[in-house]
Amino acid sequence: MADYDVVIIGGGPGGYNAAIRAGQLGLKAACVESRATLGGTCLNVGCIPSKALLHASEMFEVAKTDFAGLGIDATVQLNLPNMMGQKAQSVDALTKGIAFLFRKNKVDWIKGWGRLVGPGQVEVTGPDGATALSAKAVVIATGSEPSPLTGVEVDQKRIVDSTGALDLPEVPKHLVVIGAGVIGLELGSVWRRLGAQVTVVEYLDRITPTLDAETARTFQRALTKQGMVFELGAKVTGAKAKKTGVTVTFEPVAGGETRALEADYVLLAIGRRPVTEGLGLEAVGVKTDARGFIETDRFATSAPGVYAIGDVTHGPMLAHKAEDEAVACIESLAGHAGHVNYSVIPNVIYTFPEVATVGATEEELKAANIAYKVGKFPFTANSRAKVNHEAEGFVKVLADAASDRILGVHMIGPSVSEMIGEYCVAMEFGGASEDVARTCHPHPTRSEALRQAAMGVEGWTMQA
Ligand code: FAD
Ligand code: NAI
C-alpha cells in the first residue's frame, strides 16, 4: 500500500494548486517543499512581492508627479523600510493562506528537499531528518531559478538577481539592468520610480522579444519617456563588483568598441532555467531536453507514474500556466478530463503603462501564412483614460480574415492587466471580434476601448 495517492514535489503555484485540487477530489496528497514557506517563487520572491513594490512605487510616483495635475498639492516622501515592510506583510499573509488551504483540504505539507529514489518512492531530507514516502503518482513541480551569465557573479549585494532586487537596502543612484525582459522592466520601473537612474542593457535589438513588435515599440517609447535608458544590441562582457559599486562592460553585438558603465547596483535578469538538479530524475528515467526542461506528454514524463507541471516543463514560465497544468494534471489522474488551452494563456507586464496580451502576434500570423484583419483603438480616444490623465497606449485585436475568430489581442495602457480576461473568455468560447463589438460595455470605462478595437476589425469604430 502506498502512503499517498499523489506526492507533489514543490509548493509553488504548480505544486500547491495540484495538492489542493487533489485534496478536493478526495485523493490522499502530500506536498514536499524545501523553503520555509509555501507558495514557491511566485508568492515568496516573484509575482507577489514584485507587484507589491510595483503598486507602492506607482503610488509614490503618481503622488509626486501627477497629483499637481489633478489639483492636489502634496508633499511626498519615501519611507523605504516601511514600503519593504508592507510588501513582506503581503507575502506573509498569502503564504500562510496556502498553509491554511492545505489544512482545509487535508494535504500533508512535508518540509524538506524531495528526491526520487525509485518508482513511486520519494525521499525527503528535512529539518527532522529523512522521511521515505511512497505514492501511486509523483508530480514534479520544482519550478525555475534565475539563469546565470558568465562574467557576472551574483552576490546579492551589488550584483543581484530578481530576489536581491526585491530587497535592496537603498534606492540606487544608478541601477544597470542586464536583460530587457519582464523582470528587468518591472523591477527597473520600481527603482526608477523611487529615484534611481536606470540603464537597461539588452542583447537583442529590441525589448521584450516575445511581444508583438508594434506593442514592444510603443512600450519602449513609453519607458524611454519616463527616463529609462536602453542600450540595445549590446553584449555584456563582465561586471566587476567593488565595495561601493559595480563596473559593467559591454560591446555592440554587431562588433565595435567595449564600453563601461558605473553603477551602484546591477540586476541580472536574462531569463530563468528549470530546477532539476538533485531531484533523482536519473533514478527513475525522467528525460530532460538540452536546456534541462522535463519533457512531457499531457504532463506524463518518460517515467511511468511520474508527471511534471509548471516552470520545470516547456511553455511560458507563468504562475497561471503552472496553475492550469496543476488542475488539469490532477483531474486527469483522478479520472476526469483535465485540459489546458495553451493558445489562451495571457501574458501581462505590470509596469506603467501595463502590457497585456493573449494569443498570436502579428509576426506569428504572418509567419504561419494566416490571413487576418486588425482592429485598433488608442486610449487617447477613450474618455475614461483621458479624464484620468492616463491615455497612453492602445488595444489591438487580430481576427481571422475569413471566420472573424479572435486570434490575438495586444494591449498597452492603463489597467489592461485587469481587462485582458474579457478577451480570454471570448477566445475560450471561440468568439469572433463581432461578438465583442456587439456586447454592451459600460460608459465611461477603459473597457470600452476593448469593444471599440473589436468594432475596428470591421471598420466601424465610433469614438476615435
Ligand atoms: P515555483 O514557483 O518556482 O515553485 C517551485 C517550488 O519548488 C519552490 O518553492 C522550490 O523551493 C521548490 N522545490 C524545488 N525543488 C525542490 C525539491 N527537490 N524538493 C522540495 N522542494 C523543491 N508569473 C506570473 O504569472 N505573473 C507574475 O506577475 C510573475 N511575476 C514574477 C516576478 C518575478 C520577480 C519572478 C522571478 C517570477 C515571476 N513570475 C510571474 C513567474 C512565476 O513566479 C512562475 O512562473 C511560477 O512561480 C512557477 O510556478 P511553479 O510552481 O512551476 O514553480
Ligand atoms: P525574459 O525571458 O522575460 O527576458 C530576458 C531578456 O534578457 C530577453 O530580452 C533576452 O533577449 C535578454 N538576454 C538574454 N541573454 C542576455 C545577455 N547575455 N545579455 C543581455 N540580455 C540578454 O526573462 P526574465 O526577465 O529574466 O524573466 C524570466 C521569466 O519570469 C519571464 O520569462 C516570465 O515568464 C517570468 N516573469 C513573469 C512576469 C509577469 O508575468 N509579469 C514578471 C516577471 C517574471
Side-chain angles (χ1 to χ4, degrees), residues 8-18 31-51 53-54 95 110-116 122 124-126 140-152 161-163 165-166 177-188 200-211 216 231-237 250 253 267-280 308-313 315-323 325-326 345-351 354-356 417:
I8 297 140
I9 308 179
Y16 76 70
N17 280 293
C31 181
V32 184
E33 172 56 59
S34 59
R35 260 180 228 276
T37 48
L38 292 168
T41 303
C42 181
L43 269 65
N44 289 285
V45 289
C47 328
I48 296 305
S50 62
K51 266 78 255 180
L53 288 185
L54 278 156
T95 55
I110 316 282
K111 295 176 185 168
W113 183 261
R115 195 165 57 93
L116 287 153
V122 176
V124 183
T125 313
I140 300 172
T142 49
S144 64
E145 62 188 4
S147 298
L149 179 63
T150 310
V152 182
D161 59 19
S162 52
T163 302
L166 289 165
V177 176
I178 307 177
V182 196
I183 290 178
L185 300 182
E186 285 191 350
L187 296 181
V200 184
V201 185
E202 163 64 45
Y203 187 85
L204 299 175
D205 59 3
R206 57 167 287 184
I207 69 166
T208 49
T210 53
L211 273 192
E231 295 285 353
L232 301 182
K235 182 173 187 252
V236 172
T237 48
F250 63 97
V253 173
L267 162 59
L268 179 66
I270 57 163
R272 294 177 61 83
R273 64 180 183 185
V275 172
T276 54
E277 279 288 306
L279 194 54
I309 56 173
D311 278 14
V312 77
T313 64
M317 288 177 151
L318 296 171
H320 40 283
K321 179 260 193 185
E323 176 182 349
E325 288 187 337
I345 294 182
N347 215 319
V348 171
I349 308 178
Y350 296 82
T351 44
E354 290 183 332
V355 179
S417 63

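Not measured: the values here are computed from a predicted model. Order of listing sets the numbers, starting from 1, for every ligand and every atom in it.
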Query - Minimum-distance protein heavy atom relative to atom 20 (C) of ligand 2 - result: Y203 N, 3.3 Å

Report task. Output the list of atoms in ligand 2 that are nearer than 4.0 Å to some heavy atom of Y350, sorted by atom number. Result -> 41 (N)

Report task. Just need the protein heavy atom nearest to atom 18 (N) of ligand 2, so name the residue and atom and give the distance. Result -> L149 CD1, 3.6 Å

Query - Protein heavy-atom partner closest to atom 12 (C) of ligand 1 - residue, atom, separation in Å - result: E33 OE1, 3.2 Å

Query raised in the report: Evaluating non-hydrogen atoms only, which member of S34, P146, A269 is closest to atom 21 (N) of ligand 1?
Result: S34

Report summary line: With heavy atoms and a 4.0 Å threshold, my read on which part of L279 contacts ligand 1 is side chain

Query raised in the report: Judging by distance only, is a nitrogen or oxygen of V182 under 3.5 angstrom from one on ligand 2?
Result: yes

Query - Partner of D311 under side-chain contact (heavy atoms from CB on, under 4.5 Å), chosen from K321, E145, M317 - result: M317

Requested in this report: Using distance alone, decide if ligand 1 has a nitrogen or oxygen within less than 3.5 Å of any nitrogen or oxygen in S162.
Outcome: no

Query - Contact with ligand 1 for R272, non-hydrogen, under 4.0 angstrom - result: yes

Query raised in the report: Where is the nearest protein heavy atom to atom 23 (N) of ligand 1: which residue, which atom, and how far?
Result: A319 N, 3.4 Å

Query raised in the report: Can you tell which of G179, P209, G233, G184 gets a heavy atom nearest to atom 7 (O) of ligand 2?
Result: G179

Report summary line: Under 4.0 Å between heavy atoms, the region of T41 that gets near ligand 1 turns out to be both

Query raised in the report: If you measure from atom 22 (C) of ligand 2 to every heavy atom of T351, I183, I270, which option wins on shortest distance?
Result: I270

**Report entry** Nearest atoms (heavy-atom pairs only) where L318 meets P346
**Finding:** CD1-O, 3.6 Å

**Report entry** Nearest neighbour of atom 5 (C) of ligand 1 from the list G11, G112, A141, G10, on a heavy-atom basis
**Finding:** A141

Query raised in the report: With atoms numbered from 1 as shown, which atoms in ligand 2 lie under 4.0 angstrom from a non-hydrogen atom of V348?
Result: 39 (C), 40 (O), 41 (N)

Requested in this report: Work out whether the distance between some heavy atom of Y16 and some atom of ligand 1 is less than 4.0 Å.
Outcome: no

Query raised in the report: Counting distance only, does the side-chain N/O of T313 pair as donor-acceptor with the main-chain N or O of I309 below 3.5 Å?
Result: no

Requested in this report: Write out the residue and atom name of the closest protein heavy atom to atom 45 (O) of ligand 1, then the distance separating them to 0.1 Å.
Outcome: D311 OD1, 2.9 Å

Query raised in the report: R272 heavy atoms, cut-off 4.0 Å: which ligand 2 atoms fall inside?
Result: 28 (C), 29 (C), 30 (O)

Query raised in the report: At their closest point, which heavy atom of R272 faces which heavy atom of S162, and how far apart are they?
Result: NH1-OG, 4.2 Å

Report task. With heavy atoms only and a cut-off of under 4.0 Å, state how V201 meets ligand 2: side chain, backbone, both or neither. Result -> backbone

Query raised in the report: If you measure from each non-hydrogen atom of K321 to ligand 1, which part falls under 4.0 Å: side chain, backbone, both or neither?
Result: neither

**Report entry** Top protein contact for atom 1 (P) of ligand 2, by heavy-atom distance
**Finding:** G181 CA, 4.0 Å

Query raised in the report: Are the side chain of E186 and the backbone N or O of Y350 linked by a donor-acceptor pair below 3.5 Å?
Result: yes

**Report entry** Heavy-atom donor-acceptor pair, S147 side chain to G271 backbone, under 3.5 Å
**Finding:** yes

**Report entry** Subset of ligand 1 atoms that lie under 4.0 Å from at least one heavy atom of S144
**Finding:** 3 (O)

Query raised in the report: Does any N/O atom on V275 come nearer than 3.5 Å to any N/O atom on ligand 1?
Result: no

**Report entry** T95 and N44: side chain donor to acceptor below 3.5 Å
**Finding:** no

Query raised in the report: Does atom 32 (O) of ligand 2 have a protein heavy-atom neighbour under 4.0 Å away?
Result: no

Report task. Enumerate the atoms of ligand 1 whose separation from the nearest heavy atom of K51 is less than 4.0 angstrom. Result -> 27 (C), 28 (O), 29 (C), 30 (N)

Query raised in the report: Is the shortest distance from a heavy atom of V45 to ligand 1 less than 4.0 Å?
Result: yes

**Report entry** ligand 2 atoms in contact with M317 (distance to a heavy atom under 4.0 Å)
**Finding:** 33 (C), 34 (O), 35 (C)

Query raised in the report: For L187 and ligand 1, does the shortest N/O to N/O distance drop below 3.5 Å?
Result: no

Query raised in the report: Any N/O of E186 closer than 3.5 Å to an N/O of ligand 1?
Result: no

Query raised in the report: For atom 39 (N) of ligand 1, which candidate among G143, G46, C47, P49 holds the nearest heavy atom?
Result: C47

Query raised in the report: Among all protein non-hydrogen atoms, which one is nearest to atom 12 (C) of ligand 2, and what is the separation to 0.1 Å?
Result: E202 OE1, 3.2 Å

Query - G14 N/O to ligand 1 N/O under 3.5 Å - result: yes

Requested in this report: Pull out every atom of ligand 1 sitting under 4.0 Å from any heavy atom of C42, numbered as shown with elements.
Outcome: 2 (O), 43 (O), 47 (O)

Query raised in the report: Counting heavy atoms only, which of A216, G271, S147 comes nearest to atom 26 (O) of ligand 2?
Result: G271

Query raised in the report: If you measure from each non-hydrogen atom of L204 to ligand 2, which part falls under 4.0 Å: side chain, backbone, both or neither?
Result: side chain

